[in-house]
Amino acid sequence: MMQFKFIDSVVNFLNNEFPEASVPAGWTIVPEKCPEGMEGDLTVNCFRFAKLFRLAPDKMANKVAGFLNTHADVLNVEIIKAFVNVVMKPEALHHGSICDVSELLNSAKLPDTSRRRILVEYSAPNTNKPQHLGHVRNNTLGMSLAMLLKRVGHDVIQINLVNDRGIHICKSMIAYQRFGNGITPESSGIKGDHLVGKFYVEFNNALKTEIASLKQAHPELADKPEEELFLETELGQATQKMLLDWEAGAPEVKALWRTMNSWVFAGFEETYRRMGIQFDRTYLESDTYLLGKDIVAAGLQKGVFKKRDDGAIFIHLDKMGDKVVLRSDGTSVYITQDIGTTLKKYDDYRPDSQIWVVGDEQVLHFKMLFEIVGKLGYAWADSLFHLAYGMVNLPSGKMKSREGTVVDADDLFDEMVGLASEACKERYGEEVSVDEISRRAEAIGMGALKFMLLKFNPRTTMTFDPQASVKFEGDTGPYVQYACARINSIERKALERGLDFSSGKVKWGLLQSAEEKNVAITAFFYPQTLQLAAERMDCSVLVEYLLELSKAFNRFYRECPVLNAETDDLKAARMALCMAVREILADGLNTLTIGVPEAM
RNA sequence: GCCCCGGUAGCUCAGAGGAUAGAGCAUCUGACUUCUAAUCAGGUGGUCACAGGUUCAAUUCCUGUCCGGGGUACCA
């Protein structure tokens, strides 16, 4: 990690002054950004480490300030309580931060000994309907987390586990058989996953009608919930039979299943491509759904699991009570499959850690899963992690497919990109090719959406306001992209004017204004921000940072002309600052899987 | 009932022991002959749900209460 020389000096100084103090190995001072309105660039917060040296915080502050007063890199020092506010010489400030930007970017990488192989599983869609806003949050969190972990040096493997079989899949198949009339994505021009989703809806409508007439014919059933009446209906029975036929390998059922799933996969492929998702491995539940059974059988032998009188196999998990892992009829439950796939993924990749990006309604499920894996004797059970994220609600409340309030993923992409496209045309409609406009609109629209979803802490249950979310102003992805676009524009203008800054040494010490220093100070925190975000598995940390750096840049942009600066040396130095900022912003946006348009 | 998560500005959200609690939106006022105004500068707006406790220091940690959400299946 990059560090200012004066910080190292203080640490050395303290170690020499207090040889008897037992400071942890590798201990150092982490400087903080001096709050706005205070005289200072950086702050050494002595509250945090005074105790290490058995000194009162204010005495420590005095000691540190006394030392720093004589330091060659320091211009001025002010003590407030136990905060030591340091004004640095601009030269030293820039050399400790933004001057060598590739070194700065590189220093975000963890040392080899801290790098891990990590499996990130996310998305996990069902093949009976298209993806919606909830999936988009999941996908965005998953892919960005994967990129973030990679960015700091981990070996990351992105995994999807597709739910491609089961009773819910049979529902759309039954509906297709009955109402489909041989329609296909090609014949209808409807995207495959949407077409299959239509039949899932039709199934539920038909089922609702049948249940209504069932209740009418049998008033005693009036109070029964619909799920309990499923197998009383003709449709329900047909669906159940189809599931059994599927499991028995009935050729005509399998053929239809393959056909319809292929439509859905083609549709998903398009959705994923648009989001920029590439999985390293896709597991299909149709291949893995039987996996856990052997393990349960073996666990029963070992006494980890027990058999109940009715034949069901369960495990006793102390505080969480009993959990059935195999039904009395011998079939798997959800957790059985997850035990199986967890072990399978472990065997396939030997990871140091596995992460599941799954909604927070499943926290208990994963707690149980991890405990079961541990009880089965796998020491790596404590390296398993459920990244539980909150649901996406609408201002009107929850999204409900039954009430048609679900925000479809593809529609949402189109809307965001469409609005971005309009904004682009407004600005550059005449001068820029249609092709370029659509490229920009794609980066801006998709970027705005992803950025918005990542801005929230993953665990918060967020409200998605279509009106507000569709804007490209304020704390948004386009705000960050715009800062990059401004820098690109400066670079283009420099070329037009025949200015060449590539040769000659940059005189960083010329950048002395508050705005210039603030950019450099903010830049300094980039590597540790990446590492913190990775450690917390929380991209919102990075999002906040990118906004802050963009804000610092935009202020600089307003106050400090680059190409119109007073001297050539100052022009060159400011240009170098711009280039460095662009590299950081682009690196950050990239990590969030957001593109950077050339201009906007 | 029990378990988990949350309650911070009109709205959406940051802050997780430290300085005067922040940002965006909304609203009001200014700034485009200048390297892009998708920008910038400023105003208005707060009992950090409530009550105790720990601490030199609590919005942050602990306990309790209230309110909201989720979970508590031989569903996934």
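Keep in mind that the numbers below use all heavy atoms, side chains included, and drop hydrogens, waters and symmetry copies. All chains are named by letter (A, B, ...) in the order of the sequence lines, taking the proteins before the strands, and each is independently numbered beginning at 1.
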(request) Starting from the 5' end of RNA chain B, give me the residue, A/Cys34 or A/Leu326, whose nearest nucleotide shows up first. (result)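 Final value for this comparison: A/Cys34.
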(request) Could you check A/Glu285 against A/Cys560 and say which one's nearest nucleotide on RNA chain B is further toward the 5' end? (result)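 Checking each residue's closest nucleotide, the 5'-ward one belongs to A/Cys560.
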In whole Å, what separates the [atom1] atom of [N] from that of [M]?
N     : M     : atom1 : result
B/G64 : B/U12 : P     : 29 Å
B/G15 : B/G7  : C1'   : 15 Å
B/U29 : B/U34 : P     : 25 Å
B/C13 : B/A73 : C1'   : 36 Å
B/G70 : B/G46 : C1'   : 29 Å
B/A57 : B/U44 : C1'   : 31 Å
B/A37 : B/A31 : C1'   : 9 Å
B/C50 : B/C40 : P     : 34 Å

Where the side chain of [X] is defined as all heavy atoms beyond and including C-beta, which of [options] is the nearest nucleotide?
X        : options             : answer
A/Val562 : B/C40, B/C35, B/A76 : B/C35
A/Asn457 : B/A76, B/A38, B/A14 : B/A14
A/Ile80  : B/A19, B/G18, B/A76 : B/A19
A/Thr463 : B/C13, B/C35, B/A38 : B/C13
A/Arg536 : B/A76, B/G15, B/G24 : B/G15
A/Ile490 : B/C40, B/C13, B/C35 : B/C35
A/Tyr482 : B/A76, B/A38, B/C13 : B/A38
A/Arg497 : B/A38, B/C13, B/C35 : B/C35
A/Lys81  : B/G18, B/A38, B/U20 : B/U20
A/Phe456 : B/A37, B/G18, B/C13 : B/C13

Once hydrogens and angles are ignored, does a donor-acceptor distance under 3.5 Å link the base of [N] to the side chain of [X]?
X        : N     : value
A/Arg427 : B/A38 : yes
A/Thr43  : B/A19 : yes
A/Arg555 : B/A41 : no

Grab the [atom1]-[atom2] distance between [X] and [N] for me, whole Å please.
X        : N     : atom1 : atom2 : answer
A/Asn45  : B/A57 : CG    : P     : 17 Å
A/Tyr557 : B/C32 : OH    : C1'   : 11 Å
A/Glu515 : B/A41 : CD    : P     : 9 Å
A/Lys455 : B/C13 : NZ    : C1'   : 6 Å
A/Tyr545 : B/G22 : OH    : P     : 21 Å
A/Glu36  : B/G42 : CD    : C1'   : 13 Å
A/Phe314 : B/A73 : CZ    : P     : 15 Å

Could you identify the nucleotide paired to [N], looking across every strand shown and requiring Watson-Crick or G-U wobble geometry with both distances under 3.5 Å?
N     : value
B/U55 : none
B/A73 : none
B/U12 : B/A23

(request) Inspect the contact between A/Lys323 and A/Glu371 and indicate whether a charged nitrogen and a carboxylate oxygen are less than 4.0 angstrom apart. (result)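 No salt bridge links A/Glu371 with A/Lys323.
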(request) For the pair A/Arg439 and A/Glu436, find out whether any cationic side-chain nitrogen is under 4.0 Å from an anionic carboxylate oxygen. (result)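 A salt bridge is present here (some side-chain N lies under 4.0 Å from a carboxylate O).
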Donor-acceptor pair, [X] side chain versus [Y] backbone, under 3.5 Å?
X        : Y        : value
A/Asn126 : A/Asn128 : no
A/Asp164 : A/Ser286 : yes
A/Gln481 : A/Gly595 : yes
A/Ser144 : A/Thr140 : yes

[N] phosphate, OP1 or OP2: any side-chain N/O from [X] under 4.0 angstrom?
X        : N     : value
A/Lys551 : B/U39 : no
A/Tyr479 : B/C25 : no
A/Arg558 : B/A31 : no
A/Thr476 : B/G24 : no
A/Asn554 : B/C40 : yes
A/Lys398 : B/G69 : no
A/Arg459 : B/G6  : yes
A/Tyr334 : B/A76 : no

For [X], answer base if it contacts any base atom (sugar-phosphate contacts may also be present), sugar-phosphate if it contacts only those atoms, and nothing otherwise; contact means non-hydrogen atoms under 4.0 Å.
X        : result
A/Tyr428 : base
A/Met38  : base
A/Ile167 : nothing
A/Ala599 : base

(request) Check whether the aromatic ring of A/Phe83 stacks on the base of B/A19, taking stacking as ring centres less than 5.5 Å apart and planes within 30° of each other. (result)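 Yes; by the centre-distance and plane-angle rule, A/Phe83 counts as stacking on B/A19.
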(request) Step through the shown structure and confirm whether more than 12 heavy atoms of other residues, nucleotides or ligands are within 6.0 Å of CD on A/Glu228. (result)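 Yes - once you tally the heavy atoms of other residues, nucleotides and ligands closer than 6.0 Å, there are more than 12.
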(request) Begin from the C-alpha positions of A/Glu491 and A/Arg582 and carry the test salt bridge (Lys or Arg N to Asp or Glu O under 4.0 Å) through to its verdict. (result) CA-CA 11 Å; A/Glu491 194 183 32; A/Arg582 186 177 62 186; 2.8 Å; yes
(message) Give me syn or anti for B/C48, where syn covers glycosidic angles within 90 degrees of 0.
(response)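 Here the answer is anti: the torsion falls beyond 90° from 0.
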(request) Would you check if the distance from the ring center of A/Phe366 to the ring center of A/Phe385 is below 6.0 Å? (result)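 Here the rings of A/Phe385 and A/Phe366 have centres that are no less than 6.0 Å from each other.
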(request) Could you tell me whether A/Phe553 and A/Phe556 have their ring centroids closer than 6.0 angstrom? (result)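 Here the rings of A/Phe556 and A/Phe553 have centres that are less than 6.0 Å from each other.
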